[in-house]
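See below for the structure under consideration.
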Amino acid sequence: MACDVANCLNDLWHRLGFLSQADLNASTWLTAADLYQFADDAVSDLVHTTGLFKTFDSSVAIVNGTGSVPMPAGHVFTVFAWIDYGGGVIQILRLTNVEQLFALDAGWTGQASMPVRLSFDAGDLGVGGLGTATLYPSATSAGTLCQVIQQTPPAVQAGSSVLPVSPILADYFTYAMLAGALARESDHAKPEVAAHAEQRMALYEKAMGQYYGPGM
Amino acid sequence: MYTTASRRLNEPAPTFYPVSELVAAINEGQRLFVFLTLCLETTLAWNAAPQSSPFYSLLTVFPDLIAPLRLMDGAGGKIRCSRLEDLTSLDAAWPATPGTPKRYARIGADLVALYPQPVSTALIQVTYARAPLALAADTDVPEIPASFHNELVNYAINRVRQVEGAAELEKTMPLLNSFLDAVQTCGEYVRARNRGNQYDIVPFEMSAFDRSQLLKVRKDLVPMRTALAAVE
């Protein structure tokens with residue numbers, strides 16, 4: 001059972017000043033969609049500040065002539081990568097920046113062989129540039145790019161609220177919802193409590209960083 | 001415990017602070033205590049089936065997992081924790097090397113890589129820090145050490161005061177500080193014990209965390225100023 005953010009909604013109604021969960025559901029100044037959005041915003045921050053959302057991906061195919069490969073949707077950064085050619089034949093790729101590629105080989109852009117390095121800043125900027133990685137040398141055989149990546153999970157919303165993390169982290173998202181709701185300008189605003197909720201989130205983030213690794 | 005909390009909130013019986021809210025607060029306190037101290041652990045068998053990649057998701061096997069502490073093979077030998085760089089230095093083709101797992105790498109929330117990759121189902125004993133069971137019935141007893149149970153009441157009082165905020169919340173900050181002191185004490189014990197057991201992860205360093213901002217209610221924010229002005 002991973003962490004279901006929907007369970008956090010049941011833990012909020014009293015601290016938000018409602019009489020019951022039904023009273024919160026009937027509210028006009030705050031809706032469940034708003035609360036899910038606050039949790040989704042917290043996930044977006046966590047993806048960059050902690051190493052919580054790492055996953056294994058093997059969805060990228062390599063074909064003969066491939067020099068640039070698209071990254072999976074939601075890709076933030078790659079921790080480890082290799083090409084699987086099948087039959088137990090693999091090649092681990094060294095993550096390399098473009099400066100090092102030029103230092104290694106001034107004509108690196110024209111090389112073609114078995115890729116041994118992967119670069120994330122050698123491609124073009126802009127739409128289609130970011131979100132791609134460059135193989136050096138360009139591939140001459142078909143294979144599968146296997147990666148361990150930090151990946152943004154699908155947006156947190158009603159009906160799609162399960163996150164691939166320990167269920168003990170649900171309280172972090174509860175405080176994210178609390179901070180977001182109470183910081184909004186309204187007759188129900190409590191900015192000092194929102195600030196306190198953010199400090200509690202900071203405590204969780206410190207512990208998550210120690211247990212699950214750093215972010216970018 | 002919720003009765004004790006209610007009385008300390010000057011309510012002979014839970015009224016403004018309902019039972020459900022007090023129980024939720026106590027449960028939240030227990031979860032935070034366990035998360036920061038890793039004081040609950042369990043050892044269960046994991047049958048790691050062969051698959052195309054060496055990476056496994058432990059949350060699908062152990063739903064209450066916080067973090068794995070130690071892996072041991074079926075013969076009782078320790079499976080050593082390594083980094084991905086260590087495995088690459090050891091074997092340039094480690095993601096595809098078959099054999100009996102001797103090392104593992106831990107990545108992210110629950111991803112674990114086994115090296116060598118099992119060619120048949122491998123029995124692995126996994127010791128992991130787990131989440132506590134939720135307290136529901138009046139007779140349920142918190143799973144954290146008994147000497148810290150009163151700190152759950154302190155935590156609950158601080159939490160339920162969040163609905164009022166301002167000066168009422170500020171008055172309960174020493175209770176939150178007392179709870180965090182207990183977290184530090186228990187965490188230090190668990191850390192020493194984990195090191196003695198040669199576990200691969202230790203609890204959060206509470207002593208190195210700056211609590212000053214967490215225990216302060218900002219007086220520069222509007223409702224706090226309004227509340228103070230009313231008092232003056």
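Below, chains carry the letters A, B, ... as their sequence lines are ordered, and counting in each starts from 1.
Heavy-atom distances place the side chain of B:L176, and not its backbone, under 4.5 Å from chain A. A:T55 touches chain B through its backbone: at least one of N, CA, C or O sits under 4.5 Å from a heavy atom, while the side chain does not. Proximity to chain A involves both the backbone and the side chain of B:E205, based on heavy atoms less than 4.5 angstrom apart. Within the 4.5 angstrom heavy-atom criterion, atoms from both the backbone and the side chain of A:L52 approach chain B. The contact between A:A195 and chain B is made entirely by side chain atoms (from C-beta outward), counting heavy-atom distances below 4.5 Å. Neither the backbone nor the side chain of A:F18 comes within contact range of chain B; no heavy atom of the residue lies under 4.5 Å from a heavy atom of that chain. Of the atoms belonging to A:L169, it is side-chain heavy atoms, and not backbone ones, that fall under 4.5 Å from chain B. In this structure, no portion of A:F53 lies under 4.5 Å from any heavy atom of chain B. Neither the backbone nor the side chain of B:P68 comes within less than 4.5 Å of any heavy atom of chain A. When heavy atoms are compared at a cutoff of 4.5 Å, B:L111 approaches chain A solely by way of its side chain, counted from C-beta outward.
Salt-bridge annotation for B:R159 and A:D11: present, with a side-chain N of the basic residue lying under 4.0 Å from a carboxylate O of the acidic one. Note on A:K190 versus B:E168: no salt bridge recorded, every NZ/NE/NH1/NH2 to OD/OE distance being 4.0 Å or above.
A:I92 contributes atom CD1, which lies 7.5 Å from atom CG of B:D91 (distance to the nearest 0.5 angstrom). Taking CD1 of B:I201 as the start and CD of A:Q210 as the end, the distance is 7.0 Å to the nearest 0.5 Å.
In this structure, A:Y204 contributes its side chain and B:L32 its backbone to no donor-acceptor pair below 3.5 Å. Using modelled atom types, no side-chain atom of A:R15 and backbone atom of B:E21 make a donor-acceptor pair closer than 3.5 Å. Formation of a donor-acceptor pair under 3.5 Å by the A:H196 side chain with backbone atoms of B:L214 is found in this model.
Taking the side chain as every heavy atom from C-beta outward, B:L38 and A:Y211 approach each other to under 4.5 Å. Within the 4.5 Å cutoff, the side chain of A:F80 has heavy atoms near those of the B:P95 side chain.
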Check the pair B:I107 / A:Q150 against side chain to side chain contact (heavy atoms under 4.5 Å, CB included), numbers first and verdict last. CA-CA 10 Å; B:I107 310 112; A:Q150 174 90 328; over 6 Å; no
Evaluate side chain to side chain contact (heavy atoms under 4.5 Å, CB included) for B:F55 paired with A:C146, printing each intermediate quantity in order. CA-CA 11 Å; B:F55 292 93; A:C146 302; over 6 Å; no
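Classified by interplanar angle (parallel below 30°, tilted 30° to 60°, perpendicular above 60°), the ring pair B:Y17/A:H14 is tilted.
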